[in-house]
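This report concerns only the one structure given below.
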Amino acid sequence: MYDPTIFENLKVAFENHVYDLDNLERKIDIKNRVDQMDLSIIARTFKIKFTLVDQSDIAAEIILDASLEDLAGEILEIRNKNIGCTLALKFNKNIQNPDLQCEEIEQAIKNIWEDDIVLTQTLSFEFGTELSSYTNTIEVRFIQKINEDQISDLEMFLEHVLETLDILNKI
């Protein structure tokens, strides 16, 4: 009998919770969904992007990845392996004052997500246009891999994502 992988179980759980926030609770609008199998490295990626219903300037993207090592370790039942999925969030925000706003963003995100993250902010601008703002790509990577044991935490996780979107819209 087919036993779904950790990745498949988490992907379905994320989809269910996020689509409930869109269809039932009307707190968010889903903008994009990606479910990929990379055959060159045998890896899986699931992404779902959404905005708050009343604040569409900033989107949150949840990114769930499973590597060949994770997938094989689970399927082959290799003991003592740290198998699971990596989880990340990505936000894009236009900012005008990087020195001030990047620091505010860092503090706000660390207050919400505490110490179990790696935070990266990457600034960019379109060459050839007058520089009045930067695009800040904010990536929050979670240090620990996740598995089915964290499915019960997804509702709280998504509440934190919505809180992060709300705060980023105010900065």
Side-chain angles (χ1 to χ4, degrees), residues 6-7 10-36 45-67 82 84-127 129-171:
I6 294 168
F7 176 87
L10 288 171
K11 179 188 80 153
V12 168
F14 269 112
E15 282 177 314
N16 289 339
H17 280 75
V18 172
Y19 277 94
D20 283 352
L21 287 171
D22 183 358
N23 296 320
L24 300 178
E25 298 181 39
R26 292 299 307 138
K27 290 182 178 181
I28 65 169
D29 288 318
I30 294 175
K31 300 297 182 184
N32 195 20
R33 180 187 170 284
V34 175
D35 187 356
Q36 292 178 325
T45 300
F46 172 72
K47 300 177 186 180
I48 193 158
K49 188 178 207 175
F50 55 88
T51 62
L52 294 173
V53 167
D54 58 345
Q55 299 173 341
S56 61
D57 289 343
I58 302 172
E61 185 173 41
I62 298 169
I63 305 163
L64 184 68
D65 288 305
S67 68
N82 181 23
C85 297
T86 59
L87 180 63
L89 294 170
K90 190 181 285 187
F91 307 90
N92 287 315
K93 176 177 177 53
N94 286 328
I95 61 172
Q96 288 72 40
N97 185 345
D99 293 330
L100 177 66
Q101 288 176 290
C102 287
E103 183 63 35
E104 284 182 56
I105 290 167
E106 181 176 348
Q107 288 306 311
I109 288 176
K110 286 185 175 181
N111 286 341
I112 295 169
W113 297 104
E114 299 177 0
D115 297 325
D116 202 25
I117 64 167
V118 174
L119 175 64
T120 306
Q121 296 185 64
T122 305
L123 301 176
S124 61
F125 64 91
E126 187 175 333
F127 178 75
T129 61
E130 186 176 328
L131 184 60
S132 60
S133 69
Y134 295 89
T135 300
N136 186 0
T137 302
I138 304 153
E139 187 171 0
V140 178
R141 285 214 161 267
F142 296 88
I143 296 169
Q144 299 296 320
K145 289 183 180 179
I146 64 169
N147 57 42
E148 289 106 333
D149 294 341
Q150 284 78 39
I151 286 179
S152 62
D153 299 332
L154 290 187
E155 192 171 327
M156 180 65 72
F157 173 83
L158 288 170
E159 286 178 26
H160 286 354
V161 174
L162 298 181
E163 180 184 357
T164 304
L165 274 172
D166 189 49
I167 288 172
L168 288 175
N169 274 293
K170 293 175 183 173
I171 295 176

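Please read all numbers here as calculations on a predicted model, not as lab measurements. Because only heavy atoms are used, hydrogens play no part in the values below, and waters and symmetry mates are left out as well, while side chains stay in.
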Check side chain to side chain contact (heavy atoms under 4.5 Å, CB included) between [X] and all other residues, then give those that pass, not counting sequence neighbours.
{"X": "N147", "value": "I6, D149, Q150"}
{"X": "E25", "value": "L21, K27"}
{"X": "L123", "value": "I95, P98, C102, Y134, N136"}
{"X": "D115", "value": "none"}

Who passes salt bridge (Lys or Arg N to Asp or Glu O under 4.0 Å) against [X], sequence neighbours left out?
{"X": "K31", "result": "none"}
{"X": "K11", "result": "E8, D35"}
{"X": "E155", "result": "none"}
{"X": "D20", "result": "none"}

What heavy-atom pair brings N92 and I58 nearest, and what distance separates the two atoms?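 Closest heavy-atom pair between N92 and I58: O-CG2, 3.5 Å.
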Which value, rounded to the nearest 0.5 Å, describes the distance between [X] atom [atom1] and [Y] atom [atom2]?
{"X": "L165", "Y": "L158", "atom1": "CG", "atom2": "CG", "result": "10.5 Å"}
{"X": "L64", "Y": "L87", "atom1": "CG", "atom2": "CG", "result": "6.5 Å"}
{"X": "I117", "Y": "I109", "atom1": "CD1", "atom2": "CD1", "result": "6.5 Å"}
{"X": "L168", "Y": "Q101", "atom1": "CG", "atom2": "CD", "result": "10.5 Å"}
{"X": "L10", "Y": "C85", "atom1": "CG", "atom2": "SG", "result": "5.0 Å"}
{"X": "Y19", "Y": "L24", "atom1": "OH", "atom2": "CG", "result": "13.0 Å"}

Is any side-chain heavy atom of [X] closer than 4.5 Å to a side-chain heavy atom of [Y]?
{"X": "R33", "Y": "V18", "value": "no"}
{"X": "I167", "Y": "N111", "value": "no"}
{"X": "I62", "Y": "L89", "value": "yes"}

Near K145 NZ, under 6.0 Å, is it more than 12 heavy atoms from other residues, nucleotides or ligands?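 Enclosed: over 12 neighbouring heavy atoms sit under 6.0 Å from NZ of K145.
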Distance-only check: which donor-acceptor pairs under 3.5 Å involve side-chain atoms of residues 46-57, not counting sequence neighbours?
residue : atom : partner : partner atom : Å
Q55     : OE1  : N169    : ND2          : 3.1
Q55     : NE2  : D166    : OD1          : 3.4

With sequence neighbours left out, which residue pairs that include part of residues 94-114 fulfil the salt bridge (charged side-chain N to carboxylate O under 4.0 Å, His left out) condition?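 As it turns out, the salt bridge (charged side-chain N to carboxylate O under 4.0 Å, His left out) pairs with a partner in residues 94-114, which skip direct neighbours, are E106-K110.
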Salt bridge (charged side-chain N to carboxylate O under 4.0 Å, His left out) contacts in which one or both residues fall within residues 134-144, not counting sequence neighbours: E139-R141
Under the 3.5 angstrom rule, does the side chain of K93 hit a backbone N or O of I105 as a donor-acceptor pair? no
Enumerate the residue pairs fulfilling ring pair (Phe, Tyr, Trp, His ring centres under 6.0 Å) with a member in residues 148-171, sequence neighbours excluded, ordered by first and then second residue. F14-F157, W113-F157, W113-H160, F142-F157
